[in-house]
Amino acid sequence: MNTTHDVFNQPEPLVDVNLFEGNRAMQDALRFNAPGMSTVPLQALGELAGSAEMQNHARLANVFTPQLKSHSRFGHRIDQVEFHPSYHALMGAATAHGLHGTPFADAEQASGTAHLQRAAAFMLFTELEPSILCPISMTYAVTPALRDNPAIYADWAPQLTSRAYDPALKLWKDKPGVTMGMGMTEKQGGSDVRANTTQAVPDGSDAWGQRFKVTGHKWFFSAPMCDAFLILAQTPSGLSCLFLPRVLPDGTLNGLFIQRLKDKLGNKANASSEVEFVGATAWLVGEEGRGVPQILAMGTMTRLDCALGTSALMRHALSIALNHTAQRMAFGKRLIDQPLMQNVLADLALESEAATALALRLARSFDRAASDEHERVMQRLLTPVAKFWICKRGSHFAQEAMECLGGNGYVEEGGEGIMARIYREMPVNSIWEGAGNIMALDLLRALRKADAAAALDQELAPARGMHPALDHLAERLPVRVEEMATEMEARRLAQDVALAVQAALLAQTAPAAVFGAFCESRLAGHWGHSFGSLDSGVDFAAIVARAQPR
């Protein structure tokens with residue numbers, strides 16, 4: 001038996017590599033968007049995220065999924081979620097590297113690149129484990145929104161921007177760090193939050209302002225073990241944004257009851273739930289009856305994270321495919337040296353680098369929007385565009401990358417089994433915080449609120465004259481923007497804006513081989529309907545070599 005079961009031609013897994021040092025697309029995009037920014041923290045995180053130890057934590061957190069403990073052994077209602085220790089190890093690492101509310105700390109904001117640095121770190125951590133980043137992303141989005149209730153912000157901001165992690169269910173002021181979630185959607189409405197039925201009746205006021213008693217439900221309530229949540233509820237003045245903590249200021253548990261955890265396609269390490277509010281206490285954030293604008297402001301930030309997350313999952317899937325094909329022999333030579341495989345890998349590399357360039361360009365606008373009108377308009381324009389296009393490409397990308405591994409990619413076991421986890425994770429970023437139609441409609445709203453045509457023309461100007469297909473698209477886009485596309489055309493417009501901006505960015509950040517192949521395939525039409533159909537004149541070797549993770 002031993003002689004027939006020698007193990008050979010099985011690639012070694014991609015472990016103990018520095019995810020940042022091997023990512024040339026990210027490095028070049030960061031140099032373009034923030035030339036003077038230090039990358040030392042990213043190098044440290046890249047080493048940690050690529051380590052075998054942390055990858056094992058990611059595996060365990062997904063194998064041993066969260067468990068709801070609704071009652072204690074004595075029959076008391078406790079409504080707690082129990083996680084594997086590896087989940088807490090990952091959460092501790094994410095907060096230690098400032099992926100949550102840290103960019104809003106005064107010292108971080110003074111750098112001028114806090115959001116871009118955090119975005120790159122968010123991407124590196126996503127390659128390690130994406131699903132635990134749900135509460136991290138929501139804490140990032142919620143922290144600035146709390147400023148509309150100055151009293152709550154003054155009490156909670158130090159813990160929200162702290163790099164400490166404490167999973168205990170106890171009073172916020174007794175913890176070194178806290179996390180926050182969001183509760184918006186209900187079973188009857190989904191994205192149509194104006195259909196919400198949860199009611200909030202006035203209950204006096206105190207040091208935190210106007211107080212309400214909340215009765216109702218949330219159909220998707222992610223990260224129910226966060227310390228507090230921003231929710232939407234109907235008050236006498238209309239749909240309003242409310243702050244609802246798990247533990248009340250007097251130390252008692254709030255009236256929030258977890259009904260069940262969602263059994264999801266992917267995103268397994270993260271606890272998503274259905275909850276009921278029974279006389280829960282909450283405080284008004286912002287203006288009563290103006291809950292939707294409040295939520296949209298937070299949605300802008302979580303949508304950034306959707307684009308960042310999918311870009312990172314693309315990079316991770318590509319890295320695994322490159323690692324496998326560089327070692328696996330078939331038909332007398334390495335897979336990576338087979339012409340058809342080179343075409344597939346190069347095509348995936350183009351998609352990955354373009355996604356990285358667009359996502360980090362969007363992150364730059366979050367640092368500059370307050371002081372630069374062009375950046376403010378581009379933030380509003382590119383947020384739905386990047387979220388729509390990058391996330392739409394994710395599932396197709398993951399399937400093709402998995403196919404590079406053949407049967408090894410389809411199994412759940414071992415290092416290459418991560419590919420199956422990536423594939424299951426891909427759809428969530430496209431669905432969460434507004435699916436494709438919502439993003440396309442949001443783009444139309446953005447076009448009505450600013451001189452988007454001029455801003456887009458300015459954004460594309462540096463790449464004019466560098467490729468005829470890009471010039472042709474760049475000339476037509478501002479006209480289409482000014483004419484205000486109809487809803488029927490909104491998805492196509494979002495796609496074309498994304499491709500044009502990606503091409504313009506690659507013209508300024510990527511080698512000529514990458515830029516030329518992207519324009520020829522995505523803009524000039526020298527491309528099929530699947531990955532691996534690039535024109536034969538492409539410099540496949542140069543593109544694949546640039547994408548190598550080692």
Side-chain angles (χ1 to χ4, degrees), residues 66 68 79-81 91 100-101 132-149 151-153 155-157 159-160 166-172 175 177-186 189 193 196-200 203 208-235 239-249 252-262 270-286 291-292 294-299 301-302 305 432-433:
L68 174 61
D79 292 278
Q80 296 190 28
V81 180
M91 285 290 291
H100 55 311
I132 70 104
L133 290 174
C134 179
I136 296 293
S137 179
M138 290 189 294
T139 304
Y140 171 65
V142 163
T143 299
L146 278 183
R147 290 174 179 154
D148 288 330
N149 185 315
I152 294 177
Y153 187 79
D155 282 346
W156 282 69
Q159 283 90 341
L160 284 167
D166 183 352
L169 181 61
K170 58 186 180 184
L171 199 60
W172 94 93
K175 301 179 65 167
V178 296
T179 57
M180 285 194 63
M182 298 157 62
M184 312 304 164
T185 61
E186 298 180 3
V193 294
N196 282 10
T197 62
T198 296
Q199 298 294 312
D203 186 43
W208 284 355
Q210 192 172 352
R211 192 175 61 237
F212 292 84
K213 287 293 184 184
V214 182
T215 301
H217 81 284
K218 294 299 170 186
W219 185 238
F220 274 97
F221 198 74
S222 277
M225 288 307 292
C226 286
D227 296 279
F229 307 87
L230 287 188
I231 68 163
L232 287 177
Q234 299 286 356
T235 69
L239 198 62
S240 301
C241 181
L242 303 175
F243 172 84
L244 192 151
R246 286 295 311 270
V247 181
L248 294 170
T252 60
L253 291 180
N254 208 348
L256 186 161
F257 301 97
I258 305 172
Q259 301 304 100
R260 62 173 174 170
L261 299 185
K262 296 287 193 181
N270 175 47
S272 300
S273 63
E274 298 169 25
V275 300
E276 298 283 341
F277 305 126
V278 182
T281 302
W283 287 261
L284 182 66
V285 175
V292 172
Q294 194 85 30
I295 293 307
L296 289 176
M298 291 183 285
M301 308 191 78
T302 50
D305 282 359
W432 188 51
E433 292 299 338

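Counting begins at 1 with the first residue of the sequence.
Rounding to the nearest 0.5 Å places SG of C241 at 10.0 Å from CG of N149. Summarising the geometry, atom CD belonging to E276 is positioned 10.0 Å from atom CZ belonging to F257; distances are rounded to the nearest 0.5 Å. Distance CG/L230 to CE/M298: 4.5 Å, rounded to 0.5 Å. Note that the CZ atom of F243 and the OG1 atom of T281 stand 12.0 Å from one another [nearest 0.5 Å]. Annotation: the span from D166 atom CG to M91 atom CE amounts to 11.0 Å, rounded to 0.5 Å. With values rounded to the nearest 0.5 angstrom, L284 atom CG is found 6.0 Å from L242 atom CG.
When atom types are taken as modelled, the side chain of K175 and the backbone of A168 share a donor-acceptor pair closer than 3.5 angstrom. Under a 3.5 Å cut-off, the side chain of R246 and the backbone N or O of P224 do form a donor-acceptor pair. Of the possible donor and acceptor atoms, none in the side chain of S137 sits under 3.5 Å from a partner among the backbone N and O of L133. With hydrogens and angles ignored, the 3.5 Å screen pairs a side-chain donor or acceptor of S273 with a backbone N or O of F221. Looking at T139, its side chain does come within 3.5 Å of a backbone N or O of P135 through a donor-acceptor pair.
The side-chain tip of K218 does not point at the ring of F277 from less than 6.0 angstrom away and within 45° of straight on.
Using a 4.5 Å cut-off on side-chain heavy atoms (C-beta onward), V285 and L146 make contact. For the pair P245 and D227, the minimum side-chain heavy-atom distance is 4.5 Å or more. Here the side chains of N254 and V247 are not in contact, with every heavy-atom distance at 4.5 Å or above. Between T179 and L160 the shortest side-chain heavy-atom distance does not fall below 4.5 Å. At least one side-chain heavy atom of M182 sits less than 4.5 Å from a side-chain heavy atom of E433. The shortest side-chain heavy-atom distance between L232 and I295 falls under the 4.5 Å cut-off. Using a 4.5 Å cut-off on side-chain heavy atoms (C-beta onward), H100 and M138 make no contact.
Here the two rings, on W283 and W156, have centers that are 6.0 Å apart or farther.
Closest heavy-atom contact between L256 and V275: CD2-CG1, 4.1 Å. The two residues G101 and T143 come nearest to each other via the heavy atoms CA-OG1, 3.8 Å. Contact record, T235 with S240: OG1-OG, 2.9 Å, taken as the closest heavy-atom pair.
No hydrogens or angles considered: a donor-acceptor pair under 3.5 Å links the side chains of S272 and S222. Between T197 and E186, the side chains place a donor N or O and an acceptor N or O closer than 3.5 Å (distance only, hydrogens not considered). In summary, the side chains of D148 and Q294 do present a donor paired with an acceptor at a separation below 3.5 Å, with no hydrogens or angles considered.
Note on R211 versus D203: salt bridge recorded, some NZ/NE/NH1/NH2 to OD/OE distance being below 4.0 Å.
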